[in-house]
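This is the structure, below, for whatever I ask next.
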Amino acid sequence: MPSKKANRYGTLAEKRAAETYRLRRKGEHTSWCDAVTRDGTPVEIKATDAGRDYPRFRVFEKYHDRLSAAGGKYVFVLYRRRGRGLTVLKTRMFPASQLPVSAWYGS
């Protein structure tokens with residue numbers, strides 16, 4: 001289970017991604033979908049802190065399969081913590097079907 005700090009920064013990163021890509025978050029959050037595009041396409045937002053020893057994005061197979069089947073997209077956000085806020089270093093959005101996965105996260 002993520003820590004309160006990780007949850008806080010993850011939420012901030014989600015808000016930034018939603019602003020950047022003009023996504024609607026309100027009322028859309030599920031285990032496999034954090035937001036939707038203007039045309040209703042589901043979007044899962046993944047974030048990681050570049051300051052970690054091993055930054056990684058946690059993608060779970062069953063949620064990926066559902067997002068992919070729905071024609072959804074991912075937004076990946078790389079950030080660095082700055083006090084109680086964060087600085088977004090890079091974002092990228094692409095269709096879930098194009099996720100280059102060679103191994104699934106098991107925990």
Side-chain angles (χ1 to χ4, degrees):
M1 172 159 285
S3 70
K4 287 182 182 179
K5 280 186 180 181
N7 190 14
R8 172 183 166 64
Y9 290 110
T11 299
L12 288 172
E14 281 185 18
K15 288 179 182 177
R16 294 282 184 84
E19 291 168 5
T20 299
Y21 294 101
R22 301 176 126 181
L23 305 173
R24 185 178 75 232
R25 292 176 61 235
K26 188 173 182 179
E28 302 300 336
H29 197 275
T30 67
S31 59
W32 61 278
C33 173
D34 293 319
V36 295
T37 62
R38 287 184 180 188
D39 68 0
T41 302
V43 177
E44 176 68 356
I45 302 168
K46 296 293 185 180
T48 192
D49 181 1
R52 292 179 51 138
D53 288 339
Y54 301 101
R56 64 182 176 269
F57 297 99
R58 293 177 69 177
V59 176
F60 299 93
E61 187 172 12
K62 71 179 182 177
Y63 301 138
H64 168 77
D65 290 346
R66 186 155 181 196
L67 184 66
S68 189
K73 297 182 176 190
Y74 282 106
V75 172
F76 289 93
V77 181
L78 180 65
Y79 67 87
R80 187 169 303 277
R81 291 189 282 173
R82 298 283 185 234
R84 293 189 45 82
L86 55 80
T87 299
V88 173
L89 303 175
K90 189 171 185 176
T91 64
R92 182 166 176 212
M93 177 188 266
F94 57 88
S97 61
Q98 293 180 8
L99 183 67
V101 177
S102 60
W104 292 102
Y105 194 82
S107 80

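Being a predicted model, the structure only gives us computed values, none of them experimental.
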(message) Less than 4.5 Å apart, side chain to side chain, heavy atoms only: is that true for T20 and V75?
(response)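 T20 does not reach V75 side chain to side chain.
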(message) To the closest 0.5 Å, what do you measure between CG (L78) and CZ (F57)?
(response)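 Going from the CG atom of L78 to the CZ atom of F57 covers 5.5 Å.
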(message) Please tell me whether Y63 and F76 are part of a single hydrophobic cluster in this structure, the criterion being side-chain heavy atoms less than 4.5 Å apart.
(response)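 Yes.
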(message) In the structure I gave you, are the side-chain heavy atoms of L99 and F94 within less than 4.5 Å of one another anywhere?
(response)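 A side-chain contact exists here, since the closest heavy-atom pair is under 4.5 Å.
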(message) Is it the case that over 12 heavy atoms from other parts of the model lie below 6.0 angstrom from the NZ atom of K46?
(response)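 Counting neighbours around NZ of K46, more than 12 heavy atoms of other residues, nucleotides or ligands fall under 6.0 Å, so yes.
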(request) For T41 and G71, work out which heavy atoms get closest and say how close. (result)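 So the two residues come closest at CG2-O, 3.4 Å.
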(request) Scan L86, L12, V88 and name whichever one has a side-chain contact (heavy atoms from CB on, under 4.5 Å) with V77. (result)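 Answer after filtering L86, L12, V88: V88.
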In residues 48-55, what donor-acceptor pairs under 3.5 Å come from side-chain atoms, sequence neighbours left out?
| residue | atom | partner | partner atom | Å |
| --- | --- | --- | --- | --- |
| T48 | OG1 | R56 | N | 3.2 |
| T48 | OG1 | R56 | O | 3.1 |
| D49 | OD1 | G51 | N | 2.8 |
| D49 | OD2 | R81 | NE | 3.0 |

(request) Considering non-hydrogen atoms only, spot the tightest contact between A47 and Y79 and give its length. (result)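 Nearest pair, atom of A47 first, then Y79: CB-CE2, 3.8 Å.
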(message) Can you tell me how far apart OH (Y9) and CZ (R82) are? Round to the nearest 0.5 Å.
(response)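 That separation rounds to 10.5 Å.
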(request) Calculate, to the nearest 0.5 Å, the distance between atoms CD1 and CD belonging to I45 and E14 respectively. (result)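 I45 CD1 to E14 CD: 5.0 Å, rounded to 0.5 Å.
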(request) Check whether any side-chain heavy atom of T37 sits under 4.5 Å from a side-chain heavy atom of L23, and report yes or no. (result)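 The answer is yes, as the side chains (C-beta and beyond) meet within the 4.5 Å cut-off.
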(request) Measure the shortest side-chain to side-chain distance between E44 and H64 over non-hydrogen atoms and say whether it is less than 4.5 angstrom. (result)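 The answer is no; the side chains never approach within 4.5 Å.
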(request) Kindly say whether C33 contributes a backbone atom to a donor-acceptor pair with the side chain of R66 at under 3.5 angstrom? (result)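 Not confirmed, R66 side chain does not pair with C33 backbone.
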(message) Using every non-hydrogen atom in the two residues, find where R25 and A35 come nearest and quote the distance to one decimal.
(response)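 Taking every non-hydrogen atom into account, CG-CB, 3.9 Å.
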(message) Could you check whether any side-chain heavy atom of T91 comes within less than 4.5 Å of a side-chain heavy atom of Y21, counting everything from C-beta outward?
(response)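 Yes, at least one pair of side-chain atoms sits under 4.5 Å.
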(request) Decide yes or no for V59 and Y74: does some side-chain heavy atom of the first lie under 4.5 Å from some side-chain heavy atom of the second? (result)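 Side chain of V59 against side chain of Y74, heavy atoms only: contact under 4.5 Å found.
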